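Small disclaimer: the values here were computed from a predicted structure and weren't measured.
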Amino acid sequence: MTGSYHSVADERDDSLRARLSIPALIAAAAVSNAGNNLTAIAIPWFVLVTTGSAARTGLVAFAGLLPIAIAGIAGGALVDRIGAKRASVISDVASGVTVAMVPTLYLLDALQFWHLLALAFLGALLDVPGAAARQTMIPRLAHRVGMPLERINSAYQIAVFGAVVAGPLLAGVLIVSVGAANVLYVNTVTFALSAVAVALGVDLVRSPVTRWDEAAGVARRWSVSEAFDGLRFLRRERVLFNICIVSGFANFLFAPLFAVIFPVYVKSVFDDPRALGFLVASFGIGSVAATVWYGAFGPKMRRYPIFVVGATLASAGLWVMPSATHMAASVAAGFVVGMALGPLNAVVMVVLQERVPEQMLGRVMGSLFAVSQIAAPAGVLVAGFAIDGFSVRSVMVAVAVGFSVIVTWIIVAPVFRQMERPVDAAALVAEART
């Protein structure tokens with residue numbers, strides 16, 4: 001069998017409900033990610049205001065990063081086990097309840113610091129399976145209506161990047177007007193809207209194969225080992241394995257940019273908080289603009305050149321930043337980096353969806369997310385100590401050097417050129433349990 005996608009319909013479905021399923025899924029991704037970005041601003045502000053402790057604020061943020069690997073691996077297995085649509089709805093409802101518990105306990109004068117740590121951990125644990133589930137639905141919906149994967153993934157990424165821009169800006173306005181606690185209730189509403197959009201708007205017809213072990217002719221009960229099938233698949237699929245390693249290294253470099261490096265850089269160079277807002281927003285705007293372009297022209301273009309050019313442009317933008325002395329130059333560099341990276345995310349999703357059997361998408365998607373994100377907390381800690389020991393410009397140069405290494409790897413490693421080729425995923429499915 002060539003290719004990894006299991007057909008769910010022999011002919012294109014032009015029914016209204018089928019055509020509306022993709023906008024409903026994208027809307028769910030937009031509001032859910034907007035809510036997450038609201039929380040990313042509101043929770044640290046809430047903790048800082050209520051405890052007066054920067055150290056405790058950092059601990060809560062760290063607690064929210066800890067469950068990434070667990071949530072990605074175990075959550076991906078759950079998506080494949082119970083179905084992507086059901087997992088998405090359950091994840092959104094559970095995440096909404098978890099977020100709402102913080103302001104509720106606070107208003108009842110019952111909130112303790114360990115509650116914040118536990119709820120931050122639980123919130124991240126519940127949210128990751130929902131994100132994996134929504135992306136798992138993309139190939140089936142695209143196939144059903146005859147839409148290229150490049151186009152639907154671009155639309156999905158535009159929703160995500162748009163939320164990155166709109167969420168923090170909205171959070172700042174809402175915190176001033178209604179308070180940080182009430183902003184968390186707003187986030188609960190966004191999770192509810194996402195759940196409703198998927199439950200009522202996404203018509204996910206049943207696949208003829210719902211479990212990968214059925215496809216392989218193996219009848220067995222769920223086991224802990226099944227949760228690691230995604231990691232085993234990634235290890236055997238060389239293109240995805242190398243993309244996973246590159247993503248992990250890139251996240252190690254990029255996570256501290258927004259969490260540590262940019263705030264210190266803006267304070268020391270411009271001493272104007274508006275500059276930080278412009279700089280962060282420039283990334284999102286650049287990503288949205290380039291992803292719109294990829295959605296229009298990507299289906300007709302080769303992926304490897306897009307990958308190489310995008311990574312090279314991102315590296316160039318990172319080299320400009322350490323030497324920039326004017327805000328316009330920094331914002332322009334941020335726009336270039338965002339523009340370069342935007343299509344790369346869509347390309348990665350297209351390659352993954354083509355190479356992974358539908359009945360394993362949840363596990364592989366979750367494992368890819370877990371491995372690529374697990375280095376982010378370490379990057380934040382390393383950057384913080386490095387800035388104190390050296391200087392923020394030195395650390396920015398180190399980030400640029402690191403990303404240049406990534407670009408070199410992408411160019412010289414032949415495996416990345418194989419992202420153009422179809423694969424026989426059936427053999428990888430059969431090997432994933434060995």
Within the 4.5 Å heavy-atom criterion, are Phe416 and Val308 side-chain neighbours or not?
no
Looking only at heavy atoms, what is the nearest atom pair of Tyr156 and Ala131, with distance?
OH-O, 4.1 Å
Decide yes or no for Ile152 and Val145: does some side-chain heavy atom of the first lie under 4.5 Å from some side-chain heavy atom of the second?
no
Which atom of Ser330 lies closest to which atom of Ala324, heavy atoms considered
OG-CB, 3.4 Å
Which residue pairs satisfy the salt bridge (charged side-chain N to carboxylate O under 4.0 Å, His left out) criterion with at least one member in residues 323-339, sequence neighbours excluded?
none
To the nearest 0.5 Å, atom CG of Leu368 lies from atom CD1 of Ile243 at 8.0 Å
Side chain to side chain, Met147 and Ile22, heavy atoms closer than 4.5 Å:
yes
Could you tell me if the side chain of Thr408 sits less than 4.5 Å from the side chain of Val405, heavy atoms only?
no
How about CZ on Phe241, more than 12 heavy atoms from neighbouring residues, nucleotides or ligands closer than 6.0 Å, or not?
no
For Ile26 and Ala155, work out which heavy atoms get closest and say how close.
CD1-CB, 3.4 Å
Rounded distance (nearest 0.5 Å) linking atom CZ of Arg302 with atom CZ of Phe307
14.0 Å
dist Glu237:CD -> Arg355:CZ (nearest 0.5 Å) comes out at 4.5 Å
Do Thr291 and Asn345 come close enough that some side-chain heavy atom pair is under 4.5 Å?
no
Do the side chain of Arg151 and the main chain of Ala142 share a donor and acceptor less than 3.5 angstrom apart?
no
Which atom pair, heavy atoms only, marks the closest approach of Ala84 to Ala133?
O-CB, 3.3 Å
Side chains of Gln135 and Asn153: do they bring a donor and an acceptor to under 3.5 Å?
no
Could you tell me whether the side chain of Tyr265 and the main chain of Met321 form a donor-acceptor pair under 3.5 Å?
yes
Quick check: does any side chain N or O of Arg303 sit under 3.5 Å from a backbone N or O of Val347, one acting as donor and the other as acceptor?
no
Hey, could you give me the CE/OG1 distance between Met360 and Thr136, rounded to the nearest 0.5 Å?
11.5 Å
Hey, mind stepping through Glu150 and Lys300 against salt bridge (Lys or Arg N to Asp or Glu O under 4.0 Å) and telling me if it holds?
CA-CA 9 Å; Glu150 288 86 354; Lys300 299 178 181 178; over 6 Å; no
Quick one: pull up CZ in Arg140 and OG in Ser21 and give me the separation to the nearest 0.5 Å.
11.0 Å
Is it the case that the side chain of Ser323 and the backbone of Val320 share a donor-acceptor pair, with hydrogens and angles ignored and the cut-off at 3.5 Å?
yes
Indicate whether the side chain of Trp293 and that of Ser154 have a donor and an acceptor atom separated by less than 3.5 Å.
no
Give the C-alpha distance, both sets of side-chain angles, the deciding distance and a yes or no for side chain to side chain contact (heavy atoms under 4.5 Å, CB included) between Trp319 and Val397.
CA-CA 7 Å; Trp319 276 107; Val397 169; 4.0 Å; yes
Yes or no on side chain to side chain contact (heavy atoms under 4.5 Å, CB included) for Leu126 and Val97, after CA distance, side-chain angles and deciding distance?
CA-CA 10 Å; Leu126 294 170; Val97 171; over 6 Å; no
Flag if over 12 foreign heavy atoms under 6.0 Å of CZ, Arg393
yes
Check against side chain to side chain contact (heavy atoms under 4.5 Å, CB included), Asn33 and Thr190:
CA-CA 9 Å; Asn33 279 281; Thr190 65; over 6 Å; no
Yes or no on side chain to side chain contact (heavy atoms under 4.5 Å, CB included) for Ile82 and Ile90, after CA distance, side-chain angles and deciding distance?
CA-CA 10 Å; Ile82 69 175; Ile90 292 174; 4.0 Å; yes
Leu25 side, atom CG; Leu141 side, atom CG - distance, nearest 0.5 Å
6.0 Å
Does Phe254 have its ring centroid less than 6.0 Å away from the ring centroid of Phe403?
yes
Could you tell me whether the side chain of Phe233 reaches within less than 4.5 Å of the side chain of Arg363, counting heavy atoms only?
no
Is it true that a side-chain atom of Ser91 and a backbone atom of Pro129 form a donor plus acceptor pair closer than 3.5 Å?
no
Qualifying salt bridge (charged side-chain N to carboxylate O under 4.0 Å, His left out) pairs, either residue in residues 118-134, two or more places apart
Asp92-Arg134
Do Val202 and Met137 come close enough that some side-chain heavy atom pair is under 4.5 Å?
yes
So which heavy atom on Ala195 is nearest to which on Val89, and how close?
O-CG2, 3.8 Å
Heavy-atom distance under 4.5 Å between the side chains of Val350 and Glu354, does that happen here?
yes
Considering non-hydrogen atoms only, spot the tightest contact between Leu119 and Thr98 and give its length.
O-CG2, 3.5 Å
Not counting sequence neighbours, which residues clear side chain to side chain donor-acceptor pair (under 3.5 Å) with Ser391? List them please.
Ser394
